[in-house]
Every structure is written in structure tokens, then in C-alpha cells.
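Okay, structure first, notes after.
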Amino acid sequence: MVAGCTVSGESASAGPSTTTGEPRVEWNPCSELSAEALEATGASPETKSTRFDAPGDRAAVRMCSWEPADGRPYFIGIGSFIFTLDEFRQNDQVTGFSEVQINDRSGLTFYPTGNENPIRRCYVGLPMAKGGLMIYADWRYGKRDSLPESPPCGLAVQHAQTLEPYLPE
């Protein structure tokens, strides 16, 4: 399960709505993040993997990930949500919240709840005018015994700092 897809037990369809009454993410990282941004953070644009990108313009979540161009064993993910950072804090699927400064934006780091040990994923949540953004680092499952950082929040913050200038306000 991806953090942010449920808030306080509600489905991803809950939250802000358009005039049709359905949720709508304002920015799609899967199609609107530039190759320049991906290359700046060391991601290989051709390795895109779509996590959530429903057809049409009505979606609560849009999320894609990429592999590092240098072959390091993790994924770099970017998501856009209708949920705010306050709503992320209410999500029982994530924990370990810490305030973080990403360039000129105040954000949060957090990671999935559960018995996963070591923790292989960390998220950086940033505000966006209508919802929130999430940048994450996720170690490949097969590399769990040799993780250099668990959870990989330092790695996620590093990518968030590089990507932030390319992200919507």
C-alpha cells in the first residue's frame, strides 16, 4: 500500500473535489515532470514505472518512480495527491513524522507503519496549492540485508532538495 492513498480509513476518492464532485490531482508527475528534472536528481527517464495514473482528469493520486541512472539499488518516486500534509499526518499507514526544510518549503519526512525491518522506504511530503507532493526513496526488496540507511530518509531528502525547484508550488 502506498502512503497517502488512504486518510483516516477513507478511500483515495475522499478529499477536495472539482465541480463534478470527483477528486482531481492538479499536477501529474508521470507526464509533467521534465527529463531535465529527472536527470538533475540522477534518475534515468526511460526507467519510469507508473504506480498510480488513472486515465482521464479525475484522480486523487498520480505517482511514478524511476531507477537511478548509476544503477544504485533503489527507486526514486514522485507523487501528487489531493491530500494535504495535515491529512498525511492523520494517515495510520505512515509514522515517524519529522519536520524538514526542503529549500524554501517546509515539509515532513515519514515512513510506512508495520513490521517491516529494516524499513526500506521513506517519504518527503511537501505542500502544493491544492494538495500535496511526495518524493520517496525505496530500496529494492532483494537488497534488504545490506541497506546503507533504514529508513532512507536522508536519501529521500537529497532527491527532494534537487527536485523541489521543478515541482509546482
Side-chain angles (χ1 to χ4, degrees), residues 1-7 12 25 27-30 32-53 61-81 83-128 131-168:
M1 172 153 226
V2 173
C5 289
T6 62
V7 176
V25 172
W27 181 74
N28 186 344
C30 301
E32 296 180 66
L33 189 66
S34 69
E36 176 186 0
L38 292 166
E39 290 165 359
T41 202
S44 178
E46 61 275 356
T47 64
K48 179 173 83 173
S49 175
T50 303
R51 304 290 185 215
F52 299 98
D53 191 10
V61 177
R62 305 264 187 207
M63 183 177 286
C64 287
S65 66
W66 293 264
E67 296 177 32
D70 64 8
R72 290 184 289 168
Y74 67 91
F75 299 97
I76 302 160
I78 305 165
S80 178
F81 297 82
F83 307 115
T84 65
L85 293 186
D86 286 339
E87 290 172 309
F88 278 114
R89 284 184 183 274
Q90 297 170 20
N91 185 342
D92 63 1
Q93 300 296 308
V94 292
T95 190
F97 294 97
S98 293
E99 302 288 328
V100 66
Q101 191 68 32
I102 304 295
N103 304 331
D104 291 335
R105 293 193 212 197
S106 295
L108 297 171
T109 60
F110 49 97
Y111 49 86
T113 58
N115 297 328
E116 187 177 312
N117 193 13
I119 299 168
R120 64 182 182 94
R121 187 178 315 127
C122 185
Y123 306 99
V124 174
L126 295 174
M128 184 172 64
L133 298 163
M134 184 188 304
I135 297 92
Y136 67 91
D138 187 356
W139 295 112
R140 291 186 185 162
Y141 189 80
K143 304 291 183 183
R144 292 179 75 153
D145 295 338
S146 61
L147 299 183
E149 180 186 22
S150 174
C153 293
L155 187 58
V157 165
Q158 173 190 333
H159 286 290
Q161 288 172 332
T162 303
L163 289 165
E164 188 275 334
Y166 300 95
L167 302 174

### Whether Phe97 and Phe110 hold their rings parallel, tilted or perpendicular, with breakpoints at 30° and 60°
tilted
### Query
Going from CD1 on Ile76 to CD1 on Ile135, what distance comes out if it is rounded to the nearest 0.5 angstrom?
11.0 Å
### Message
If you define the side chain from C-beta out and look only at heavy atoms, does anything of Glu99 sit under 4.5 Å from Leu108?
### Response
yes
### Summary
For Asn103 and Gln161 the tightest heavy-atom approach is ND2-O, 2.9 Å
## Note on the structure
Heavy atoms of Ala43 and Trp66 approach each other most closely as CB-CB, 3.8 Å
### Tyr74: partners by ring pair (Phe, Tyr, Trp, His ring centres under 6.0 Å), with sequence neighbours left out
Trp139, His159
### Task
Would you check if Leu126 and Leu85 make a side-chain contact, meaning some heavy-atom pair closer than 4.5 Å?
no
### Task
List the atom of Ser80, the atom of Met128, and the distance in Å for their closest heavy-atom pair.
OG-CE, 3.4 Å
### Backbone of Pro127 reached by a side-chain donor or acceptor of Arg105 within 3.5 Å
yes
## Note on the structure
Heavy-atom nearest pair, Leu167 first then Ile78, reads CD2-CG2, 4.5 Å
#### Entry: Separation of Glu36 CD from Thr41 OG1 (nearest 0.5 Å)
12.5 Å
## Note on the structure
When rounded to the nearest 0.5 Å, the distance separating CE of Met63 from OG1 of Thr50 is 11.5 Å
### Query
Can you tell me how far CZ of Arg51 sits from SG of Cys64, rounded to the nearest 0.5 angstrom?
8.5 Å
### Results of salt bridge (Lys or Arg N to Asp or Glu O under 4.0 Å) for Asp104 - residues two or more places apart only
none
### Task
Could I get the full list of ring pair (Phe, Tyr, Trp, His ring centres under 6.0 Å) partners for Tyr166, not counting sequence neighbours?
none
### Task
Starting at CD of Glu164, measure out to CD of Gln101 and round the result to the nearest 0.5 Å.
9.5 Å
### Task
Report the C-alpha distance between Val157 and Thr109 in whole Å, list the side-chain angles of each, state the deciding distance to 0.1 Å, and finish with yes or no for side chain to side chain contact (heavy atoms under 4.5 Å, CB included).
CA-CA 8 Å; Val157 165; Thr109 60; 3.7 Å; yes
### Quiz item: cation-pi between Arg140 and Phe75, 6.0 Å / 45°
yes
### Message
Would you say the rings of Phe88 and Tyr123 are close, in the sense that their centroids are separated by under 6.0 Å?
### Response
no
#### Entry: Interatomic spacing from CG in Leu133 to CD1 in Ile102 - rounded to 0.5 Å
11.5 Å
### Query
Are Tyr111 and Thr95 side-chain neighbours, meaning at least one heavy-atom pair lies under 4.5 Å?
yes
### Query
If only atom types and distance count, is the side chain of Glu87 paired as donor or acceptor with the main-chain N or O of Thr84 below 3.5 Å?
yes
### Task
Could you pull out the closest heavy-atom pair between Ala37 and Leu33, with the gap in Å?
CB-CD1, 3.7 Å
### Query
What heavy-atom pair brings Cys122 and Ala156 nearest, and what distance separates the two atoms?
O-CB, 3.6 Å
